[in-house]
Peer 1: 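First the structure, then my questions, so here it is.
The figures that follow rest on heavy atoms only: side chains count, while hydrogens, waters and symmetry mates do not. Being a predicted model, the structure only gives us computed values, none of them experimental. Each chain gets a letter, A, B and so on, in the order its sequence line appears, and its residues count up from 1.
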Amino acid sequence: MAVHTDSHVETPEIHSTPNFLRDMIAEDVRLKRYGNAVVQTRFPPEPNGYLHIGHAKAICLDFGLADEFGGKTNLRFDDTNPEKEEQEYVDSIQNDVRWLGFDWERLCYASDYFGQLYEWAIQLLRAGKAYVDDLSADEIRQHRGTLTEPGRDSPYRNRAVEENLDLFTRMKAGEFPDGSRVLRAKIDMASPNINMRDPIMYRILHAEHHRTGNEWCIYPMYDYAHGQSDSIENVTHSMCTLEFADHRPLYRWFIEQLGIFPSQQIEFDRLNLTYTLLSKRKLLQLVQEGRVNGWDDPRMPTLSGFRRRGFTPEGIRSFVTSLGATRTNGIIDFEMLEHLQRDDLNKRATRGMAVLRPLKLVIDNFPEGQTEYVEVANNPEDPAAGTRQVPFSRELYIEREDFREVPPPKYYRLSPGKEVRLRNAYFVTAHSLVKDAVGSVVEVHCTYDPASRGGNSPDGRKVKSTMHWVSAAHTISAEVRLYDKLFSNPNPLHVPEGGSFLDNLNPNSLEVVSHAKLELSLAEAKVGAPYQFERVGYFCLDPDSTAEKLVFNRTLALKDTWARIEKKAGA
RNA sequence: UGGGCGAUCGACUAAUGGUAGGUCAAGUGCCUUUGGAGCACUUUGUCCAGGUUCGAAUCCUGGUCGCCCAGCCA
């Protein structure tokens with residue numbers, strides 16, 4: 001998919017909230033805790049799904065903080081579980097990180113270190129710090145104890161070093177079936193921290209790995225692989241989310257036992273958003289069950305979904321940076337993200353006029369068959385974007401909701417006898433209607449004031465409303481997809497007894513308008529570029545578009561004051 | 001109820017012993033050729049109880065509440 005290429009709009013300086021991570025790194029640099037070594041970070045996704053907005057926070061922190069201190073960041077795939085990982089995810093992740101605006105120092109894989117990790121395991125075995133356990137998964141669970149009771153030693157815990165070495169070598173050689181044995185660290189079965197109760201280092205998995213193929217049939221666990229991978233890459237600050245805090249003692253234990261580069265793990269709070277699910281497992285379920293049209297469905301909180309929806313990387317970055325990082329777990333109002341997006345889109349979106357639900361407006365005193373051109377700004381927020389000529393004629397389309405036969409209080413738009421402005425064109429006053437057999441309005445007739453060309457009357461007359469329009473003879477038709485929140489509950493996981501988060505799916509999250517009437521200039525729209533349909537919202541061209549049929553996605557609606565007034569009046 | 005972590009407007013986040021500030025949301029007004037944008041103003045907050053101090057959101061003690069951990073997932 002194309003990315004934004006027109007960058008005549010300067011990326012604004014993002015003033016990020018101060019945060020404790022930056023303070024800690026600054027302190028380490030000041031004290032030369034790592035000598036003169038550069039600040040080195042890493043972004044370590046597991047390639048088992050697409051990146052989502054929660055990852056964007058980690059990416060901005062990992063890359064952003066390192067950059068602030070003149071450091072470097074590696075992209076490292078944490079690919080230690082071949083059963084869930086795929087090349088498709090590896091590719092999409094790289095694409096998404098780049099789209100967000102970051103480039104890595106080195107592209108790494110935990111699987112690059114399988115050989116080194118294996119040697120270190122032998123070293124630990126020789127030192128009597130690890131052992132091969134023949135217990136079944138079930139038995140290991142039983143021996144682990146509970147949150148309140150200590151665990152019990154495995155009967156295999158005190159095997160001789162030579163026997164351990166022999167068994168582990170044979171595990172690697174493929175002599176044993178999956179699940180028959182594991183390699184465990186010998187730490188403390190009575191530790192109050194369950195992660196320290198002889199954690200599993202290696203399990204037997206006769207599975208094909210997306211990179212190492214069938215070279216290995218034993219694979220390291222996260223805890224045994226992550227810290228050492230950091231260490232190998234001289235990572236100074238290994239940032240991860242809060243739920244790994246309990247793993248930190250183990251992270252340090254392996255590094256200390258091995259006497260290798262002392263990377264340090266620092267935890268920060270995970271991003272949570274209202275109306276949004278950020279669990280890869282559940283997002284995968286939505287994709288697999290066809291609840292959405294793939295990982296890049298514009299309703300998905302994935303980076304590819306937001307991209308297709310028309311969100312900008314700049315907007316996502318400024319959202320994430322405005323959040324900072326703390327150790328408190330909270331939930332951000334989705335409106336915050338929307339606000340930062342609108343803020344960015346408003347500055348850069350090319351304007352156009354589009355009528356989603358057309359109602360014909362006939363100007364009785366405008367010459368038949370005549371076409372005039374009015375000059376229109378491409379972006380009122382950015383004079384450098386220039387102007388264009390838009391055709392205007394006797395028959396136009398206006399938005400159905402911009403006309404009311406009987407206007408409610410505070411309704412400023414068109415109604416019989418009322419004068420309004422047609423954006424960039426003329427003042428018009430409605431006079432009569434044409435209705436169909438069932439009584440709905442199919443045509444509004446009006447007269448225009450030729451003196452008001454351009455949108456101002458020489459006599460200083462004011463109108464309360466300005467409306468968008470397209471000339472009936474000069475439009476292109478397009479499908480427009482109107483997206484709304486995927487879930488209707490602020491907390492998608494909040495369901496009554498026995499319910500599922502699927503019950504919270506918003507049945508109206510996608511509404512398709514098949515025949516919107518767009519201004520001619522929109523025929524030139526490019527995938528990846530932001531547009532504003534004036535008074536309606538921000539839109540982007542969907543890659544589903546063909547030469548015969550254009551498809552636009554609504555990124556975000558414009559704030560709608562009238563809708564609010566009407567809702568309040570009705571409530 | 002073992003261990004770890006945390007608690008500041010409705011939401012997020014600053015204030016690092018010295019005026020509780022900013023953003024979103026909500027509300028009011030101004031302005032406007034997008035009822036958009038912009039501008040101004042307003043409402044609402046230091047979990048509780050003690051203590052130290054001239055002075056406490058910050059330090060101490062004790063509570064309360066919330067999140068995470070018992071995968072051969074990461």
Peer 1: Can a donor-acceptor pair be found, under 3.5 Å and without considering hydrogens, that links the side chain of A:S452 to the backbone of A:G455?
Peer 2: no

Peer 1: Ring centres of A:F392 and A:Y426 under 6.0 Å apart?
Peer 2: yes

Peer 1: Tabulate protein N/O versus nucleotide N/O from nucleotides 68-70 of chain B, keeping only pairs under 3.5 Å, one per line.
Peer 2:
residue	atom	partner	partner atom	Å
B:A70	O2'	A:R144	NE	3.3

Peer 1: Rounding to the closest angstrom, what is the interatomic distance between B:G63 and B:G4 at atom P?
Peer 2: 15 Å

Peer 1: Using a heavy-atom cut-off of 4.0 Å across all strands, would you classify A:N424 as base, sugar-phosphate, or nothing?
Peer 2: base

Peer 1: Dot-bracket for RNA chain B: what is it, with Watson-Crick or G-U pairs under 3.5 Å, [ ] where a pair crosses earlier ones, and | for a pair to another strand?
Peer 2: .((((((..((((....[..)))).(((((.......)))))....(((((..]....))))))))))).....

Peer 1: Any donor-acceptor pair, under 3.5 Å, between the side chain of A:E381 and the base of B:G36, if you only look at N and O atoms?
Peer 2: yes

Peer 1: With a 3.5 Å cut-off and heavy atoms only, can you find an N or O donor on one side and an acceptor on the other between the side chain of A:R248 and the base of B:G4?
Peer 2: no

Peer 1: I'd like a list of close polar pairs between nucleotides 15-17 of chain B and the protein, N/O only, cut-off under 3.5 Å.
Peer 2:
residue	atom	partner	partner atom	Å
B:U16	O4	A:D23	OD2	3.1

Peer 1: Roughly how many Å apart are B:U43 and B:U28, using the C1' atom of each and rounding to a whole number?
Peer 2: 10 Å

Peer 1: Would you call A:R76 and A:E233 a salt bridge, using N to O less than 4.0 angstrom?
Peer 2: yes

Peer 1: Encode nucleotides 20-32 of chain B as B, S and - characters from 5' to 3', where the letter depends on protein heavy atoms closer than 4.0 Å: B to the base, S only to sugar-phosphate, - to neither.
Peer 2: ---BSSSSS----

Peer 1: Which residues within residues 132-140 of chain A lie with some heavy atom under 4.0 Å of an atom in RNA chain B?
Peer 2: A:L135, A:S136, A:A137, A:I140

Peer 1: Tell me every residue that passes ring pair (Phe, Tyr, Trp, His ring centres under 6.0 Å) with A:Y538, counting only those two or more places apart in sequence or in another chain.
Peer 2: none

